[in-house]
Amino acid sequence: MSEGNRLKFYANGRFVESRTEKYLDAYDPSTGEVTAQVPCCTREEVEYAISCAREAWPGWAATPVIKRVQILYRLRDLLVEHMDELTHLVAWENGKAWEEAKGDVLKAKEATEQAIAAPSLMMGESLMDASAGYDTVLYREPLGVFAGIVPFNFPAMIPMGWMTPMCIACGNTIVLKAATFTPRTCMRIAELYKEAGLPDGVINIVTCSRTEAEIFLNHPDIKGITFVGSTSVGKHIYATAAAAGKRVQALCEAKNHALVLEDAPIERTAAGIINAAFGCAGERCMALPVVVVQESVADRLVEAIVEQAGKIVVGPAYERTTTMGPVVNQAHRESVLGWIRKGLEEGARLVLDGRNVQVPGYGKGFYIGPTIFDHVTPDMTVGDCEIFGPVLCIRRVKDFQEGLKIMNRNPFANGSVIFTQNGHYAREFARHTHGGMVGVNVGIPVPVGMFPFSGHKDSFIGDLHCLGKDGYRFYTETKVVTSRWFDQEEQNKKTVSTWDGTI
């Protein structure tokens, strides 16, 4: 790979050549070809990006919020203008099929549109005569520099949807640690931000290893960290950064379940499961990798799922006829294949094997076809641990209560789903499931951006979720001002109560 294909990092509004001696390969997952080398930025370069964000913050925070969101208005239009370019970029570096890649960009646009509401959502509260003669006003103010630590699976939506728009709309600046496998989409959107008029230093992007990323956790200029990734790393980030006085939201692993009751329409339910289980090649924390089905309809459901899964077109991400692209790289492909072997060793019945899928002309791509295990029992790790690939596990139960108990036993609780036409069971499920995002006949219950992405248990660590009103609270702190204006009588007083204005 020539040095001409070496990427740069982004700081203070420009791309900067790294001085690192360590570069990592980025691939086109559809072909398996190396397309670029990504710098593992040095400690000094990460600290430089933080210093750029720190220096940009006072001016950006002092910019009226209405002027800040006018830049987001222009950015939103640029996202629409460059939709095909960005869609191709996501497909090329991540492996999402075309429509999935487009959805990734559309979710970044959606979050940008929600951030445009900052002038209303940052409004505080006030009360005249909170105590006699004393008026109290609450303001929401930006905190400073935030760090975003980004996974590979949504190159547009997560860094430039979940993290950046709301953060900067609230008056903060940000340093993103882009995913080494997929950094180019958010780098390109950073260019569009500059074109939209964003001042230099408000957004900065580095690529580095976990060693350099540790700088964020204790750096005195970082006020908060938003992270998406594994639960073990999320717990480490929370423990370390929170101990250093920083705000943390850590969105972590998942093993979402669906409960299918015997009254569910089988074909439509199977279609919803197929979309949820195999969309984005299973590389999303809201995928549906486990179906808990009532025994009375299990055979029919499995038959329908296998039949529909067999119609999925596995192929290169950027071909419009493809309905499922490759996984992100060979190392991840080997990890998923290892889990399939594990399921067989544990005794699960493999009813659809995607290990030997062939894509003519793309023999070196990182492909895995839809894979389905039936008769997965509670003692099998394949049904409990996050695989992050196109592998679906079927568990059979006798009734609603047994199914709910199995689902709630899992340590993760991002999303949970029920397929039923029974309103009573749907309501009981919504009340008693541990999942933070619940679907009733909805396989991927991700709410739109005005609501928070609200995982529970080991799927989320922190107090305030991303997006929705939680997001605004995370990226701002409150300041409460109490005022007292003296009349003539008050001006002449020579004593003041210990509880002046507070009672």
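Quick caveat: nothing in here was measured; it's all calculated off a predicted structure. Residue numbers count from 1 along this sequence.
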- CA sep, side-chain torsions, deciding dist, call: Asp28, Tyr318, side-chain hydrogen bond (donor to acceptor under 3.5 Å, both in side chains): CA-CA 11 Å; Asp28 173 356; Tyr318 26 75; 2.7 Å; yes
- Message: Could you check whether any side-chain N or O of Ser416 sits under 3.5 Å from a backbone N or O of Val438, counting only pairs where one atom can act as donor and the other as acceptor?
- Response: no
- Task: Would you kindly say whether His236 and Glu214 are connected by a side-chain donor-acceptor distance under 3.5 Å?
- Result: yes
- Classify the ring geometry between His332 and Phe388 as parallel (under 30°), tilted (30 to 60°) or perpendicular (over 60°). perpendicular
- Verify the neighbour count for atom CE of Met83: are there more than 12 heavy atoms of other residues, nucleotides or ligands below 6.0 Å? yes
- Item | Atom of Gly315, atom of Val359 and distance for their closest heavy-atom approach | CA-CG1, 3.9 Å
- Message: Distance check, rounded to the nearest 0.5 Å: Leu72 atom CG versus Lys109 atom NZ?
- Response: 13.5 Å
- Item | Main-chain N/O of Arg140 paired with Glu477 side-chain donor or acceptor, under 3.5 Å | no
- Query: Can a salt bridge be assigned to the pair Lys194 and Asp200 using a cut-off of 4.0 Å between side-chain N and carboxylate O?
  - Reply: yes
- Full working for side chain to side chain contact (heavy atoms under 4.5 Å, CB included) between Asn204 and Leu176: CA-CA 6 Å; Asn204 308 272; Leu176 294 168; over 6 Å; no
- For the student: nearest non-hydrogen atoms of Ala91 and Ala317, plus distance: O-CB, 3.4 Å
- Check: Glu253 and Asp458 side chains under 4.5 Å, non-hydrogen atoms: no
- Can you tell me how far CZ of Phe474 sits from CG of Leu467, rounded to the nearest 0.5 angstrom? 12.0 Å
- Task: Would you give the length of the straight line joining atom SG of Cys52 to atom CD1 of Ile203, rounded to the nearest 0.5 angstrom?
- Result: 13.0 Å
- Task: To the nearest 0.5 Å, tell me how far Glu191 CD sits from Cys186 SG.
- Result: 11.0 Å
- Would you confirm whether the ring centroid of Phe227 sits within less than 6.0 angstrom of the ring centroid of Tyr238? no
- Query: Do Glu212 and Thr42 have side-chain atoms, one donor and one acceptor, less than 3.5 Å apart?
  - Reply: no
- Message: So does Ala413 get a backbone contact from the side chain of Ser459, meaning a donor-acceptor N/O pair under 3.5 Å?
- Response: yes
- Which of these, Cys208, Pro39, Ser209, sits in a side-chain contact (heavy atoms from CB on, under 4.5 Å) with Thr20? Pro39
- Query: Cation-pi between Arg6 and Tyr23: NZ/CZ under 6.0 Å from ring centre and within 45° of the ring axis?
  - Reply: yes
- Message: Closer than 3.5 angstrom, by distance alone: can the side chain of Arg68 be matched with the main-chain N or O of Ala169 as a donor-acceptor pair?
- Response: yes
- Task: For the pair Asn414 (side chain) and Asn256 (backbone), establish whether a donor and an acceptor sit closer than 3.5 Å, ignoring hydrogens and angles.
- Result: no
- Under a 4.0 Å N-O cut-off, is there an ion pair linking Lys364 with Glu33? no
- Message: Is it true that Thr478 and Arg473 share a donor-acceptor pair across their side chains at a distance under 3.5 Å?
- Response: no
- Test Tyr10 against every option in Tyr48, Tyr193, Phe15 by the ring-ring contact (aromatic ring centres under 6.0 Å, His included) rule and name the one that passes. Phe15
- Using atom types as modelled and distance alone, determine if a side-chain donor or acceptor of Lys246 lies under 3.5 Å from a backbone N or O of His219. yes
- Just wondering, are more than 12 heavy atoms of other shown residues or ligands nearer than 6.0 Å to NZ in Lys102? no
- Item | Thr35 side chain near Trp92 side chain, heavy-atom distance below 4.5 Å | yes
- Between the CD1 atom in Ile205 and the SG atom in Cys41, the distance rounded to the nearest 0.5 Å is 11.0 Å
- Note on the structure: Nearest heavy-atom approach of Thr269 to Ala264 is OG1-CB, 3.6 Å
- Task: Indicate yes or no: at least one non-hydrogen side-chain atom of Phe154 is less than 4.5 angstrom from one of Asn94.
- Result: no
- Query: Does Lys8 reach the side chain of Val16, with side-chain heavy atoms less than 4.5 Å apart?
  - Reply: no
- Task: Evaluate the side-chain proximity of Cys252 to Phe412: yes if any heavy-atom separation is below 4.5 Å, no if none is.
- Result: no
- Query: So, does Thr182 use its side chain to make a donor-acceptor pair with the main chain of Phe152 at under 3.5 Å?
  - Reply: yes
- Message: Does any part of the side chain of Val417, heavy atoms only, come nearer than 4.5 Å to the side chain of Leu259, both counted from C-beta?
- Response: no
- Using modelled atom types only, decide if a donor and an acceptor are shared between the side chain of Asp104 and the backbone of Met157 within a distance under 3.5 Å. yes
- Task: Locate the shortest heavy-atom distance separating Gly234 from Ile461; write the atom from each residue and the value.
- Result: C-CD1, 3.8 Å
- Message: side chain to side chain contact (heavy atoms under 4.5 Å, CB included) for Lys223 and Val145? Distances and angles first, verdict last.
- Response: CA-CA 6 Å; Lys223 303 304 180 184; Val145 181; 5.5 Å; no
- Atom pair CD1 (Ile50) and CZ (Phe146), whose distance is rounded to the nearest 0.5 Å: 13.5 Å
- Query: Which is it for Arg247 and Ile225 under the side chain to side chain contact (heavy atoms under 4.5 Å, CB included) test, yes or no, and what are the steps along the way?
  - Reply: CA-CA 6 Å; Arg247 295 188 174 190; Ile225 297 174; over 6 Å; no
- Task: Ignoring hydrogens and angles, tell me if any N or O in the side chain of Arg333 forms a donor-acceptor pair with the backbone of Val327 under 3.5 Å.
- Result: no
- Test: Glu386 and Lys255 ion pair at under 4.0 Å: no
- Does the side chain of Leu86 come within less than 4.5 Å of Ile189's, by heavy atoms? yes
- How are the rings of Phe453 and Trp162 set to each other: parallel, tilted or perpendicular (split at 30° and 60°)? tilted
- Message: Taking salt bridge (charged side-chain N to carboxylate O under 4.0 Å, His left out) as the definition, give me every residue that meets it alongside Glu81, ordered by chain and number, with sequence neighbours left out.
- Response: none
- Message: Measuring only between side-chain heavy atoms, which start at C-beta, is Tyr475 closer than 4.5 Å to Pro142?
- Response: no
- Which atoms form the tightest heavy-atom contact between Ala26 and Phe181, and what is the distance? CB-O, 4.2 Å
- Task: In sequence, state the C-alpha distance, the side-chain angles, and the governing distance for Ile237 and Leu217, and then conclude on side chain to side chain contact (heavy atoms under 4.5 Å, CB included).
- Result: CA-CA 7 Å; Ile237 289 173; Leu217 309 190; 3.9 Å; yes
- Note on the structure: For Gln249 and Leu464 the tightest heavy-atom approach is NE2-O, 2.9 Å
- Just by modelled atom types, is the Gly369 backbone N or O under 3.5 Å from a matching donor or acceptor in the Thr371 side chain? yes
- Could you go through the side-chain hydrogen bond (donor to acceptor under 3.5 Å, both in side chains) check for Thr185 and Glu93 one step at a time? CA-CA 8 Å; Thr185 301; Glu93 71 171 350; 2.6 Å; yes
- Task: Assess the side chains of Glu110 and Gln114: does a donor N or O sit below 3.5 Å from an acceptor N or O?
- Result: no
